[in-house]
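All remarks here apply to the structure that follows.
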Amino acid sequence: MKNVIELISERITAAIEQATGQKAAAMVTPATDSKFGDYQSNGAFALAKQLKNNPRQLAEKVVAALQIDDICLPPEIAGAGFINLRLKPEFVAENLLRIAANPNLDIEKTSNPQTVVVDFSGPNIAKQMHVGHLRSTILGDCICNMLGFIGHDVKRQNHIGDWGKQFGMLCALYDRKCIEMGRQGKTLNASETLSDIEAFYREAQQLCNTDKEFDQEAREAIAGLHSGSQVWLARWEEIVSYSREHYEKIYEKLRVGLSDLHVRGESEYRDKLADVVNDLKQKKDSQGNPLAVESDGAICVFPDGFKTKEGNPMPFIIQKTDGAFLYATTDLAALRYRINELKADRIIYVTDARQKLHFEMLFAVARKAGWINDNIKLDHITFGSVLGEDGKPLKTRSGENVKLKDLLDEAVKRAKAVVEEKNPELSADEKEKIANAVGIGAVKYADYSNNRTSDYIFSFDKMLAMEGNTAPYMQYAYARVKSIGRKAEQKGINVENEINSVKTPNLTEPAELALAKHLIKYGQSINTALSDLRPNFLTNYLYELAQEFSGFYNACPVLEDTPARPTRLLLCDLTAKTIRHGLENLLGIEVVKQM
RNA sequence: GCGCCCGUAGCUCAAUUGGAUAGAGCGUCGGUCUACGGAACCGAAGGUUACAGGUUCGAAUCCUGUCGGGCGCACCA
């Protein structure tokens, strides 16, 4: 189904052209108030200004030329020149059947499929995943789901922090522990040794400061890693692979579509870094100067328009005075790989807003170097912080970052307590499953439903509430629809047959029509969410859908033996399918049949 | 100091990117129900969109300034 806004826009644009000879935007949006209809066109205002006409008179001309009676009731002109449109029930009914007949809910694929690289999550190997990784991980995942669903070729990239100075000391400590175990005639149990990777990190750091011998070993380790020593690389690989297990468990818990297939960490680019620097040294700007120059001992690129706090040109440092490379260098190498090897048309970076300057400079340097042309779109998708109830960044009482695992476990635990209370007769297995879906879903949904650019206050009580725009409310709405189906089967109604028997949905009740109108807007909501990569548009849509369903549910008994029943069963079925698709396929939140 | 983001109901947040009378949820107050899950639904009250100017048919949204908050600004990521 072509989305309704586009369909109406085409007609109005054509009418404008016919009435005035001008090509102008129809500016169709959903009506600001349902009393005005379903959609409105504000195109007459802009054009009237341009032509120095009266907008109301212009709107009248446009409406006179408008051919839209297959979609809408007769258009109305209101106020200073709004064109108000109300969908014909027949049009709504027809589209309802198309959604029912199409496994993808009749959502149109993009006419311009692209290869889109999405860089998200990117945990640091030497740390457990904490609350700071939550937003990037799930926002990125949702963006991938939405892009993939409308037909783009999505390449997920997990740019993990698996290379750098800290691995010298980690490998050295790991090596010591292996040797120690060997002396005792035992084998080191890697998963146990590294279970608390941060404690391991702290221990190594401590030793560096207090134990000169260890510090020396750490230097040897880092030198060994850089020169490709098999022994040290083996140690490094063990550490990396065991930490990966940790966050793969988290991804599984979160139902995020990341696996080892998507990992392409900093270490993958280590052989390309010198080349990046050399290339930038050789490239010349328009004045014939090399792009990369030495400044205070470091190799830097100075993209235009960036200043330090002293007011000097701001460097993008790609090689430190001591010869080491930085994350800027790695990001440049990764960007080149994504363009040249992955053939990206677009690259989306999902990291917090604090890295804005870094990405602005990265993009500027890449363009200056000619690595990307104007057809390639680079996006830095920023987001705000997760705050505690006190309005400050969420920390534990002792001031540490909250571990993602602890946070999710707590959410599931609280959800379980609610299930125990509300539905004690369910089996232990079912309770477990529901608690998991509700707890994890609540955390994710709360994040998605906030505007990603602002900070938000993390509150278990709010996100687990049954009221309002929350995961449990949505999951409950789904469970309630599904229970109608169960009830119907108990009464001996063959639901599938009855739904298939609907040749023309009969949308006579206002609540039926309102629900149906909302159902056919699903594709539009995905487009809107994608245009700015903001999942909260999608959660808004789903919440409104659940509310429309509630209205319908109260007003229209479904299971009574009346001619209205087949259409009502169809509406229930499509509501369930839409909620499930939105929650599971796009947001990655599990639905349950009962809760 | 410079740059970026932000300031919307008592609280937590929206507002489809410049559209009509700024919307939800929580909390408060009042109501509904012998139907399919009351874990529901309906209604009321609550606003000078931080403040002051400006742009235009029209501003929470764009511009300027002020105040308040967050973040960032040369070798960490």
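For the numbers below, each heavy atom of this structure counts, side chains included, while hydrogens, waters and symmetry mates do not.
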Note, RNA chain B 5' to 3' with Watson-Crick or G-U pairs under 3.5 Å encoded as ( ), [ ], | and . gives (((((((..((((.....[...)))).(((((.......))))).....(((((..]....))))))))))))....

Please list, chain by chain and in numerical order, all residues satisfying ring pair (Phe, Tyr, Trp, His ring centres under 6.0 Å) with A/Phe82, sequence neighbours excluded. A/Phe45

Here's a test of your reading of the structure: between A/Glu266 and A/Asn312, which maps to the more 5' nucleotide of RNA chain B? A/Asn312

Can you tell me how far C1' in B/rC29 sits from the matching atom in B/rG68, rounded to whole Å? 34 Å

Round to a whole Å and report the spacing from CE of A/Met474 to C1' of B/rG37. 16 Å

Students often get this wrong, so: under 4.0 angstrom with heavy atoms, is A/Ala48 touching a base, only sugar-phosphate, or nothing? nothing

Can you list every ring-ring contact (aromatic ring centres under 6.0 Å, His included) pair that touches residues 542-561 of chain A, not counting sequence neighbours? A/Tyr473-A/Tyr543, A/Phe549-A/Phe552, A/Phe549-A/Tyr553

Could you tell me whether A/Glu310 contacts a base, only the sugar-phosphate backbone, or nothing, with contacts defined as non-hydrogen atoms closer than 4.0 Å? nothing

Please determine if A/Arg270 forms a cation-pi arrangement with A/Phe325, meaning its NZ or CZ atom is less than 6.0 Å from the six-membered ring centre and no more than 45° off the ring axis. no

Nearest listed nucleotide, side chain of A/Pro315, among B/rC36, B/rA74, B/rA14: B/rA74

Is A/Phe82 stacked on the base of B/rG19, with ring centres under 5.5 Å apart and planes under 30° apart? no

With a non-hydrogen cut-off below 4.0 angstrom, is A/Tyr553 in contact with a base, only sugar-phosphate, or nothing? base

What is the distance from CE of A/Met595 to P of B/rA39, rounded to the nearest Å? 11 Å

Please give, in whole Å, the distance from B/rC36 P to A/Leu571 CG? 19 Å

Base, sugar-phosphate or nothing for A/Ile317? Non-hydrogen atoms, less than 4.0 Å. base

For A/Asp461, answer base if it contacts any base atom (sugar-phosphate contacts may also be present), sugar-phosphate if it contacts only those atoms, and nothing otherwise; contact means non-hydrogen atoms under 4.0 Å. nothing

Assert: residue with more 5' nearest nucleotide on RNA chain B, out of A/Ala555 and A/Ile457, is A/Ile457

What residue pairs, at least two apart or across chains, pass side-chain hydrogen bond (donor to acceptor under 3.5 Å, both in side chains) with a residue in residues 482-493 of chain A? none

What's the gap between B/rU48 and B/rA9 when it is taken at their C1' atoms, as a whole Å value? 13 Å

A/Glu590/A/Lys433 salt bridge by N-O under 4.0 Å criterion: yes

Only one of A/Ile457, A/Leu387, A/Asn401, A/Val386 passes side-chain contact (heavy atoms from CB on, under 4.5 Å) with A/Leu394, and that residue is A/Val386

So what does A/Thr321 hit on the nucleic acid, given a heavy-atom distance under 4.0 Å: a base, only sugar-phosphate, or nothing? base

Return the value, rounded to whole Å, for the distance between atom CZ of A/Arg480 and atom P of B/rC36. 12 Å

Find the distance A/Lys307:NZ to B/rC4:C1' and express it as a whole number of Å. 15 Å

For A/Met146, enumerate each residue passing the side-chain contact (heavy atoms from CB on, under 4.5 Å) test, keeping only those at least two apart in sequence or located in another chain. A/Cys142, A/Ala529, A/Leu530, A/Leu538, A/Leu586

Scan A/Lys521 against the nucleic acid and name what it touches under 4.0 Å (heavy atoms): base, sugar-phosphate only, or nothing. nothing

Minimum-distance pair of heavy atoms, taken over all atoms of A/Cys208 and A/Met169: SG-CB, 3.7 Å

What integer number of Å spans the P atoms of B/rG10 and B/rG47? 7 Å

Given atom CG of A/Leu357 and atom C1' of B/rA77, what is their separation to the nearest angstrom? 14 Å

Kindly state whether the ring of A/His159 and the ring of A/Tyr327 have centres lying under 6.0 angstrom apart. no

Would you mind listing every side-chain hydrogen bond (donor to acceptor under 3.5 Å, both in side chains) that reaches into residues 298-315 of chain A, with sequence neighbours excluded? A/Thr308-A/Glu310

Polar-atom pairs under 3.5 Å, protein N or O versus N or O of nucleotides 6-9 of chain B: list them with distances, or write none.
none

If you measure from the C1' atom in B/rU16 to the same atom in B/rU55, how many Å do you get, rounded? 24 Å

By ring pair (Phe, Tyr, Trp, His ring centres under 6.0 Å) - contacts of A/Phe306 (at least two apart): none

Qualifying residues under ring pair (Phe, Tyr, Trp, His ring centres under 6.0 Å), relative to A/Phe302, sequence neighbours excluded: none

Does the protein touch nucleotides 23-34 of chain B at the base, only the backbone, or not at all? Give it as B, S and - per nucleotide, heavy atoms under 4.0 Å. -SSS--------

What is the separation between atom CZ on A/Arg534 and atom C1' on B/rA14, rounded to the nearest whole Å? 9 Å

To the nearest Å, how far apart are A/Arg568 CZ and B/rA35 P? 16 Å

Do the ring planes of A/Tyr541 and A/Tyr522 sit parallel (below 30°), tilted (30 to 60°) or perpendicular (above 60°)? tilted

Please tell me whether A/His133 and A/Tyr247 form a close aromatic pair, meaning their ring centres lie under 6.0 Å apart. no

A quick test of your reading: do over 12 heavy atoms of other residues, nucleotides or ligands sit less than 6.0 Å from NZ of A/Lys127? no

Identify whether any heavy atom of A/Ser483 sits under 4.0 Å from a base atom; if not, whether one sits that close to sugar-phosphate; answer base, sugar-phosphate or nothing. base

Collect all protein-nucleotide pairs involving nucleotides 56-62 of chain B in which both atoms are nitrogen or oxygen and the distance is under 3.5 Å.
none

Counting the atoms with a prime plus P, OP1 and OP2 as sugar-phosphate, which does A/Phe36 contact under 4.0 Å by heavy atoms, base, sugar-phosphate, or nothing? base

Taken in chain and number order and not counting sequence neighbours, the residues that satisfy ring pair (Phe, Tyr, Trp, His ring centres under 6.0 Å) with A/Phe537 are none

Considering every strand and a 4.0 Å limit on heavy-atom distances, what is the contact class for A/Lys309: base, sugar-phosphate, or nothing? base

How would you label the contact of A/Asn451 with the nucleic acid (heavy atoms, under 4.0 Å): base, sugar-phosphate, or nothing? sugar-phosphate

Quiz item: A/Thr32 side-chain donor-acceptor pair to B/rA20 base, under 3.5 Å: yes

